[in-house]
Colleague: 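Below are the structure tokens for one structure; questions will follow.
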Amino acid sequence: MIRWGSFLEVKRVSKMAKEVDEIMQTYEEDGTYKGTADKIGVARNTVKKYVKLYNAAREEEESEDQEENGAKNRRIEEMTHRPWELRLNELLKETMGQRRKKMRTKASTLYRNLADEGYKVSYSSVKRRVQAIKDQYTPRETFIRQEHPIGKDVEFDWGEVFFDYGCAEVKRFMGVFTFPHGMYRFARIYAHQSMLEVLDIHLKLFDHLGGVPKEIVYDNMKTVVITPGKKRFNPQMIQFSTYYGFSIRMCNVGKPNEKGSVENSVSFVRREAFSLKHTFRDDGDVNAYLEQKLEKMNRYTVYERTKTPFDAMEEEKSHFKQLPGSRWINAREESRIINKYSMISVDGNHYSVPDTFFPRKIAIRILVDKIELLNEQRCIGTHERLSGKGQYRLEITHYLETFKRKPGALAQSSALRAQANSLQQLFDHHYTKKPKAFIDILELLYQTSPRQLVALIERLQSQGIIPTADILKNLLEQKESIPAPALDTYHLDIPVKHEGLDTFDRLIVRNQG
């Protein structure tokens, strides 16, 4: 290896001593061989040659100085006497003194500070210097390998996934359970990740397994723990775990690696299931597809395990706790104020309320996939639960009594524009001047589903018939008659004793008398 002194000697005897100094100064500012060569006008290999000689000599000298001066115990060592490196050492000492890692400065920030202070140095030089110090002085963290007894624990976590539902890209949340003993995985897709979704995926897991694991491991998600440092659990989660008989174990704050199996599983499932397919109709379509993919994944062989996850789970099931006699009711009941448009707001979205419900406040039951409107615990309306914010779910039958009093409000109403295109076009083409007649058609929704009514309307229009309330009502009331089979289709092999006709004549006369 070329020593630093030898390198200086080369500079002194070389005719290109000035050029070497210029090369090194320009390289420190630019940080690349090609950029330095272009600025000076020399070959790139020439720049590369002298930079390597410079670095090799400097590293040897630094190594010798470190051994001689006992510098191994210093956090930051002043390795050269260049002004920017001395200033960088000072900045590093300050940032390394931060107790919290997230508050420590990055190389990009250090570079900007040096540039603002007038030092001529490239970002790549600062980055290499910082990385070298990290590699040499950052303590190496050691992880303890864990053994997972059969049927004891399962890990849970959330991950984000993005899908194309035709009209736009949507963000969904994927809950993943991983059994570390055999690496069996169970996952579901949800539009939210509230307590309702957390409990729902637990219930679906228990139904899927036919039992309950002894322990479930979580990170510090708010739906499970209220105060992470003190590990104060959510009261509803405590009730749920008590009901099903499993214990809760939390990771330490900032240590998600303590449940590393599920951390890797979220990425694994997301990659295996959705890296090549991300276009679906809706959440139901996604979950059906995910279920099929998980069936295949759980039959893959797993590193350092002799059995597939599917086979390992068959053994684990015998160690699970039994399900309780009745299923947990996963819903929350609240009340909402009805606004002047006969709508309520739930989780930032808006839902219609029947205009025949007179009180200003209504009780609701919120489930994972729907919202029920209650009147003294009796359901008077149901809406599919919306995802996102600022969306509307309007049921046009909720406004029929108001439309009867205000038929002119029908044309531009949000309720009408929220219906199927066939229904809107029927009004726009044939009933704009006869809104009351169209309201009679809407009243048929009390007797049938919107899908069936729309199908009848499209069927009539395809035949060139303008749908009216009477025509649609007659079609809905029609029932296909089942013709009685012909008598000769019955082949009854029953012997009959034939008597003379005079016997039947006597019976008829007797009955007439």
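Predicted model, so just to flag it, every value in this text is computed and none were measured.
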Colleague: Go through it in stages, so that I can follow the logic: the residues are Asn287 and Arg172, the test is side-chain hydrogen bond (donor to acceptor under 3.5 Å, both in side chains), and I'd like the CA-CA distance, side-chain angles, deciding distance and then a yes or no.
Modeller: CA-CA 11 Å; Asn287 278 311; Arg172 289 295 182 261; over 6 Å; no
Colleague: Please name the pair of heavy atoms, one in Ile380 and one in Pro354, separated by the smallest distance, quoted to 0.1 Å.
Modeller: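 So the two residues come closest at O-CG, 3.9 Å.
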Colleague: Quick one: does Trp158's side chain get under 4.5 Å of Met174's, heavy atoms only?
Modeller: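 In short, these two side chains do not touch, never coming nearer than 4.5 Å.
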Colleague: Checking Glu295 against Lys293 for the salt bridge (Lys or Arg N to Asp or Glu O under 4.0 Å) test, could you report, in this order, the C-alpha distance in whole Å, the side-chain angles of both residues, the deciding distance, and whether it holds?
Modeller: CA-CA 5 Å; Glu295 178 71 18; Lys293 295 296 291 186; over 6 Å; no
Colleague: State whether the side chain of Lys321 and the backbone N or O of Gly245 hold a donor-acceptor pair below 3.5 Å, judged by distance alone.
Modeller: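 Yes.
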Colleague: Centroid separation under 6.0 Å, is that true for the rings of His350 and His383?
Modeller: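 No - the distance between ring centres of His383 and His350 does not fall below the 6.0 Å cut-off.
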Colleague: With heavy-atom distances below 4.5 Å as the criterion, would you say the side chains of Thr397 and Leu442 are in contact?
Modeller: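 Thr397 does not reach Leu442 side chain to side chain.
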Colleague: Do Ile362 and Leu374 come within less than 4.5 Å of each other through their side chains, counting heavy atoms only?
Modeller: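 Side-chain contact under 4.5 Å: no.
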Colleague: Taking Asp347 first and then Lys389, would you say they form a salt bridge - that is, a charged N and a carboxylate O separated by under 4.0 Å?
Modeller: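 Looking at Lys389 together with Asp347, the answer is no, because their closest N to O distance does not fall below 4.0 Å.
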Colleague: Take Glu197 and Ser194, measure what side-chain hydrogen bond (donor to acceptor under 3.5 Å, both in side chains) needs, and give me the verdict at the end.
Modeller: CA-CA 5 Å; Glu197 285 71 31; Ser194 66; 2.3 Å; yes
Colleague: Between Asp283 and Tyr165, is there a side-chain heavy-atom distance shorter than 4.5 Å?
Modeller: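 Touching, per the 4.5 Å side-chain cut-off.
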Colleague: Within the distance-only criterion (no hydrogens, no angle test), does the side chain of Ser247 pair as donor or acceptor with the backbone N or O of Lys214 below 3.5 angstrom?
Modeller: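 Checking the backbone N and O of Lys214 against the side chain of Ser247, a donor-acceptor pair under 3.5 Å is found.
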Colleague: Within a 6.0 Å radius of atom CZ on Arg128, are there more than 12 heavy atoms belonging to other residues, nucleotides or ligands?
Modeller: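 Check passes, neighbour count above 12.
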Colleague: Just checking, any donor-acceptor pair under 3.5 angstrom between side chains of Gln425 and Ser422?
Modeller: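 Absent: no donor and acceptor within the cut-off.
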Colleague: Backbone N or O of Lys361 within a donor-acceptor pair of the Arg336 side chain at under 3.5 Å?
Modeller: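 No; zero donor-acceptor contacts below 3.5 Å.
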Colleague: Provide the closest heavy-atom pair for Ile337 versus Ile344 in the form atom of the first, atom of the second, distance.
Modeller: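 Of all heavy-atom pairs spanning Ile337 and Ile344, the closest is O-CG2, 3.7 Å.
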Colleague: Could you tell me which non-hydrogen atom of Ala331 sits nearest to which non-hydrogen atom of Leu367, and how far apart they are?
Modeller: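 Minimum heavy-atom separation between Ala331 and Leu367: CB-CG, 4.0 Å.
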Colleague: State whether a side-chain donor-acceptor pair under 3.5 Å links Thr308 with Arg299.
Modeller: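 The criterion, which ignores hydrogens and geometry beyond distance, is not satisfied for Arg299 and Thr308.
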Colleague: Taking all heavy atoms of Arg417 and all of Ala411, pick out the closest pair and write down the distance.
Modeller: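 Heavy-atom minimum between the residues: NH2-O, 2.8 Å.
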Colleague: Can you check salt bridge (Lys or Arg N to Asp or Glu O under 4.0 Å) on Arg451 and Glu458, steps first, answer last?
Modeller: CA-CA 11 Å; Arg451 180 176 298 180; Glu458 293 176 349; over 6 Å; no
Colleague: How about Thr178 and Glu155: does a side-chain donor come under 3.5 Å of a side-chain acceptor?
Modeller: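 No - no donor-acceptor pair under 3.5 Å links their side chains.
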Colleague: Between the main-chain N or O of Trp328 and the side-chain N or O of Tyr244, is there a donor-acceptor pair closer than 3.5 Å?
Modeller: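 A pair under 3.5 Å: yes.
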Colleague: For Glu334, does the CD atom have more than 12 heavy-atom neighbours from other residues, nucleotides or ligands under 6.0 Å away?
Modeller: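 Yes - once you tally the heavy atoms of other residues, nucleotides and ligands closer than 6.0 Å, there are more than 12.
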Colleague: So which atom in Met250 and which in Val224 form the shortest heavy-atom distance, rounded to 0.1 Å?
Modeller: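 For Met250 and Val224, the tightest heavy-atom pair comes out as SD-CG1, 3.7 Å.
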Colleague: Is it the case that the side chains of Arg270 and Ser275 hold a donor-acceptor pair, with the cut-off being a distance below 3.5 Å and no angle test?
Modeller: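 There is no such pair (donor and acceptor under 3.5 Å, judged by atom type) between the side chains of Ser275 and Arg270.
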Colleague: Are side-chain heavy atoms of Glu384 and Asp369 found at a separation under 4.5 Å?
Modeller: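 They are not in side-chain contact.
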Colleague: How about Phe173 and His192: are their ring centroids closer than 6.0 Å?
Modeller: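 Ring centroids of Phe173 and His192 are no less than 6.0 Å from each other.
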Colleague: Taking the six-membered ring for Trp, are Phe163 and His278 closer than 6.0 Å centroid to centroid?
Modeller: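 No, too far apart.
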Colleague: Give the minimum heavy-atom separation between Gln424 and Leu416, together with the two atoms involved.
Modeller: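 What the structure gives for the nearest pair is CG-O, 3.4 Å.
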Colleague: Got a salt bridge between Arg393 and Glu395, using NZ or NE/NH1/NH2 to carboxylate O under 4.0 Å?
Modeller: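 The answer is no: the pair does not qualify as a salt bridge.
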Colleague: Judged by atom type as modelled, is there a donor-acceptor pair below 3.5 Å linking the side chain of Ser241 to the main-chain atoms of Met237?
Modeller: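 Here the side-chain-to-backbone pair exists.
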Colleague: Calculate, to the nearest 0.5 Å, the distance between atoms OG and CG belonging to Ser387 and Asp282 respectively.
Modeller: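 Interatomic distance, Ser387 OG to Asp282 CG, rounded to 0.5 Å: 11.0 Å.
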Colleague: Please indicate whether Lys296 has more than 12 foreign heavy atoms, meaning atoms of other residues, nucleotides or ligands, lying under 6.0 Å from its NZ.
Modeller: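 Incorrect, the count does not exceed 12.
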Colleague: Before you tell me yes or no, could you show the steps for Asp200 and Arg188 under salt bridge (Lys or Arg N to Asp or Glu O under 4.0 Å), namely the whole-Å CA-CA distance, both residues' side-chain angles and the distance that decides it to 0.1 Å?
Modeller: CA-CA 10 Å; Asp200 183 76; Arg188 295 282 297 179; 5.4 Å; no
Colleague: Between the side chains of Asp355 and Thr402, is a donor N or O closer than 3.5 angstrom to an acceptor N or O?
Modeller: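 The criterion, which ignores hydrogens and geometry beyond distance, is satisfied for Thr402 and Asp355.
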Colleague: Is the ring pair Tyr399/Phe403 parallel, tilted or perpendicular, if the boundaries are 30 and 60 degrees?
Modeller: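 The arrangement is tilted - the two ring planes meet at 30° to 60°.
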Colleague: So with a 6.0 Å cut-off around NZ of Lys317, is the heavy-atom count from everything else above 12?
Modeller: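 Atom NZ in Lys317 is crowded, with more than 12 foreign heavy atoms closer than 6.0 Å.
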Colleague: Does the side chain of Arg365 reach to within under 4.5 Å of the side chain of Glu333, using non-hydrogen atoms?
Modeller: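 A side-chain contact under 4.5 Å exists here.
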Colleague: Any side-chain heavy atom of Phe246 within less than 4.5 Å of one from Pro213?
Modeller: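 Phe246 vs Pro213: side chains apart.
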Colleague: So, do Tyr123 and Tyr111 have ring centers that fall under 6.0 Å from each other?
Modeller: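 Centroid distance Tyr123-Tyr111: below 6.0 Å, so yes.
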Colleague: A quick test of your reading: do over 12 heavy atoms of other residues, nucleotides or ligands sit less than 6.0 Å from OH of Tyr341?
Modeller: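 No, not enclosed.
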Colleague: Could you walk me through whether Arg249 and Glu215 satisfy the salt bridge (Lys or Arg N to Asp or Glu O under 4.0 Å) test, starting with their C-alpha distance in whole Å, then the side-chain angles of each, then the deciding distance to 0.1 Å, before giving a yes or no?
Modeller: CA-CA 7 Å; Arg249 179 159 65 88; Glu215 183 179 75; 3.0 Å; yes
Colleague: Any chance NZ of Lys277 has more than 12 other-residue heavy atoms, nucleotides or ligands included, within less than 6.0 Å?
Modeller: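 Check passes, neighbour count above 12.
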Colleague: Going by atom types alone, do Asn339 and Arg360 pair a side-chain donor with an acceptor below 3.5 Å?
Modeller: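 No - no donor-acceptor pair under 3.5 Å links their side chains.
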Colleague: For the residue pair Tyr218 and His202, categorise the inter-ring angle as parallel (less than 30°), tilted (30 to 60°) or perpendicular (more than 60°).
Modeller: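 Correct class here is parallel.
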Colleague: For Leu196, does its backbone N or O pair with a side-chain atom of Asn330 as donor and acceptor, under 3.5 Å?
Modeller: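 Such a contact is found between Asn330 side chain and Leu196 backbone.
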Colleague: Anything under 30° is parallel, anything over 60° is perpendicular, the rest tilted; go ahead and classify Phe186 against His208.
Modeller: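 Aromatic pair Phe186/His208 classed tilted.
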Colleague: Taking the inter-plane angle between the rings of Phe240 and Phe206 on a 0 to 90° scale, is it parallel (under 30°), tilted (30 to 60°) or perpendicular (over 60°)?
Modeller: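 Correct class here is parallel.
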Colleague: Within a strict 4.5 Å, meaning less than it, do heavy atoms of the Gln193 and Val198 side chains meet?
Modeller: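 The answer is no; the side chains never approach within 4.5 Å.
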Colleague: Could you give the distance from OH (Tyr184) to CG (Asn298), rounded to the nearest 0.5 Å?
Modeller: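 So the OH of Tyr184 and the CG of Asn298 are separated by 5.0 Å.
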